[in-house]
Structures are given as C-alpha cells and as structure tokens.
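Below is one structure, written out as structure tokens; comments come after it.
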Amino acid sequence: MDQLLHWFDLIGIVVFAFSGVLAAGHKQMDLFGAVVLACVTATGGGTTRDIILNLPVFWLQDTYYLWIAATTGVLSFYLIRYLQVPMRLLMVADAIGLAVFVVIGTQKGLELGYSATIAIVMGVMTGTVGGVIRDLLCGDIPLLLRREIYATAALTGAAVLVLLDASGKLAGDLVVAIAMLVTLSIRLAALRWNLSAPIARVGHR
C-alpha cells in the first residue's frame, strides 16, 4: 500500500500544482507568481501536517516533490496561455487534489499511532491548507470557508478511511480507494448540483 500512496501523493502534487496555476491565470499573474502558487498549493497541506506532527517536512527530505510542483507550474503556465481554461476545471482539479491528500494525511496519522480524531484532523489539514494558502494569495475567500461542500467532503472521506481501517475487513488498498472515491464524489456532486451548506446571516431568521 505504501507504493500506492506514493503514486497518489505524486498525482496530488501535480493536480494541486495545476490548480494553483489555473488560479494564477484567472488573476493574470506572471510566471513567477504562477510557479509560487503551484508550489504552495501542492505542498502547503503536507508541510503544515509535518510541522504539527514534528516530522521532517516531506519536500525537504525528498526535493523531487518540489521540483515536480515547480515543473508542473511552468508547463501549466504556458499550456493555459494557449487554451481557454474554464473556472470549472480549477474546481475539478482542486477536488481531485483534495481527495488524494485527505487520504494521505489521514493514513499518515494512523500509521504514526495517533487517535482516529487526530488522524482525521491531519487528513483534512493535508487536503485543505494548500488550497487555503492559494486562495488567500489570490485575494479570495478560501473554499474551506465558503458555503460550498468542501470541508464536509474532506471530513467524510477521512472518517470513512478511519472506520474502514478500524474494521479490518478490507484490504488497505481498497480502504484507500473507497475513502478517496467518497471524498471526490461528494465534492464533485456539490459542484455538479450546486450543493451548499447554510451560511451565517446576521439579523436574519
């Protein structure tokens, strides 16, 4: 399963880096800005997780993660200059990255022996913090704090992984795949049918 998670990790880096460049494109940033957004989006969640868990930051140990994010940023920058990229594609790319990193973060928490609650928190953090940094640098309200079904998808996917892992009835690879599919399905369903959570309204009933 470690090999499977490693490949998913690389996929998540590429997809989130691509989403960072798409966000940069919609804000008309230059190449440097696009690469910075690509790197922080791809590595922000895992970096925060490792710092909190007092682990060596993953891209300091394995610098190819950073090179993959930066390379994806450069290639994507020139790609979107010649293609009409809809905002919807940014949302889909972000959803894929969310699903991948939620599972990786949750699994890491479990492997280190932390409780189910901490593992879920690590999963949500790994999946969302990179996007939060991206949105803040773009001057937008982070997806995590909007009315869209985003944090709910992350929480559900992480909880599913923890529950299935605790049951011990399924193979680890299958548990990872199911948790990832649950997270992605909820997020894509929210995008497809414009599902949203209740919003805070001052002075309204």
Side-chain angles (χ1 to χ4, degrees), residues 4-51 56-105 108 123-146 148-151 153-154 157 180 183-185 187-188 190-192 194:
L4 178 66
L5 287 174
H6 175 70
W7 283 108
F8 278 142
D9 205 7
L10 296 180
I11 291 170
I13 290 288
V14 170
V15 173
F16 256 160
F18 180 60
S19 78
V21 175
L22 288 178
H26 284 284
K27 294 295 183 178
Q28 298 185 329
M29 295 184 183
D30 62 10
L31 176 60
F32 179 77
V35 173
V36 167
L37 273 191
C39 291
V40 299
T41 306
T43 64
T47 299
T48 306
R49 174 202 64 215
D50 290 346
I51 290 173
V57 176
F58 71 100
W59 54 266
L60 292 178
Q61 284 196 313
D62 300 311
T63 56
Y64 63 84
Y65 283 109
L66 200 59
W67 282 110
I68 290 173
T71 301
T72 301
V74 173
L75 294 177
S76 301
F77 176 82
Y78 287 104
L79 178 66
I80 67 173
R81 286 170 64 88
Y82 301 103
L83 295 177
Q84 187 69 28
V85 181
M87 194 65 179
R88 176 71 62 168
L89 184 58
L90 168 59
M91 297 292 101
V92 173
D94 184 86
I96 296 171
L98 175 72
V100 169
F101 281 168
V102 162
V103 166
I104 289 172
K108 175 157 283 193
V124 174
M125 186 175 297
T126 306
T128 61
V129 169
V132 169
I133 298 172
R134 176 199 63 211
D135 294 341
L136 289 174
L137 290 176
C138 288
D140 296 327
I141 298 174
L143 281 172
L144 182 67
L145 302 180
R146 298 184 208 172
E148 299 181 40
I149 304 296
Y150 192 79
M180 197 175 299
T183 308
L184 183 60
S185 297
R187 181 65 186 133
L188 291 181
L191 291 173
R192 173 62 179 83
N194 294 318

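In this chain, numbering begins with 1 at the start of the sequence shown.
In terms of heavy-atom proximity, Phe101 sits nearest to Ile13 at CZ-N, 3.5 Å. Nearest heavy-atom pair, Ser19 versus Leu90, reported as atom, atom and distance to 0.1 Å: O-CD1, 3.0 Å. Summarising the geometry of Ala69 relative to Ala17, their closest heavy-atom pair is O-CB, 3.8 Å, with the distance given to 0.1 Å. Heavy-atom minimum distance, Ala154 versus Thr128: CB-CG2, 4.4 Å. Of all the heavy atoms in Met29 and Leu137, the pair that sits closest is CE-O, 4.1 Å. Closest approach of Arg187 and Ile149 over heavy atoms only: NH1-O, 3.1 Å.
In this view, Ala151 and Leu144 satisfy the side chain to side chain contact (heavy atoms under 4.5 Å, CB included) rule, not counting sequence neighbours. The side chain to side chain contact (heavy atoms under 4.5 Å, CB included) check on Val15 picks up Ile11, Ala93, Ile96, with sequence neighbours excluded. With sequence neighbours excluded, the residues that form a ring pair (Phe, Tyr, Trp, His ring centres under 6.0 Å) with Phe58 are Tyr65.
When atom types are taken as modelled, the side chain of Asp140 and the backbone of Asp135 share no donor-acceptor pair closer than 3.5 angstrom.
In this structure, Cys138 SG and Leu22 CG are separated by 10.5 Å, a value rounded to the nearest 0.5 Å. One finds the CG atom of Leu5 at 11.0 Å from the CG atom of Leu10 (value rounded to the nearest 0.5 Å). The distance from atom NE2 of His26 to atom CE of Met87, rounded to the nearest 0.5 Å, is 5.0 Å. Atom CE of Met91 is separated from atom CG of Leu191 by 7.0 Å, given to the nearest 0.5 angstrom. Atom NZ of Lys108 sits about 7.5 Å away from atom CG of Asp9, to the nearest 0.5 Å.
Applying the salt bridge (Lys or Arg N to Asp or Glu O under 4.0 Å) test to every pair with at least one member in residues 83-95, sequence neighbours left out, gives these pairs: Asp94-Arg134.
Counting only heavy atoms from C-beta outward, the side chains of Phe8 and Val103 never approach each other to under 4.5 Å. Inter-residue side-chain proximity for Leu89 and Gln84 is flagged as unmet; no heavy-atom pair is nearer than 4.5 Å.
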Kindly list each side-chain donor-acceptor pair under 3.5 angstrom involving residues 32-41, sequence neighbours excluded, with atom names and distances?
residue	atom	partner	partner atom	Å
Thr41	OG1	Leu37	O	2.6

Distance-only donor-acceptor hits, side chain of residues 70-79, under 3.5 Å, sequence neighbours excluded:
residue	atom	partner	partner atom	Å
Thr71	OG1	Trp67	O	2.7
Thr72	OG1	Ile68	O	2.7
Ser76	OG	Thr72	O	2.7

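Around atom CD1 of Ile141, no more than 12 heavy atoms belonging to other residues, nucleotides or ligands sit under 6.0 Å away.
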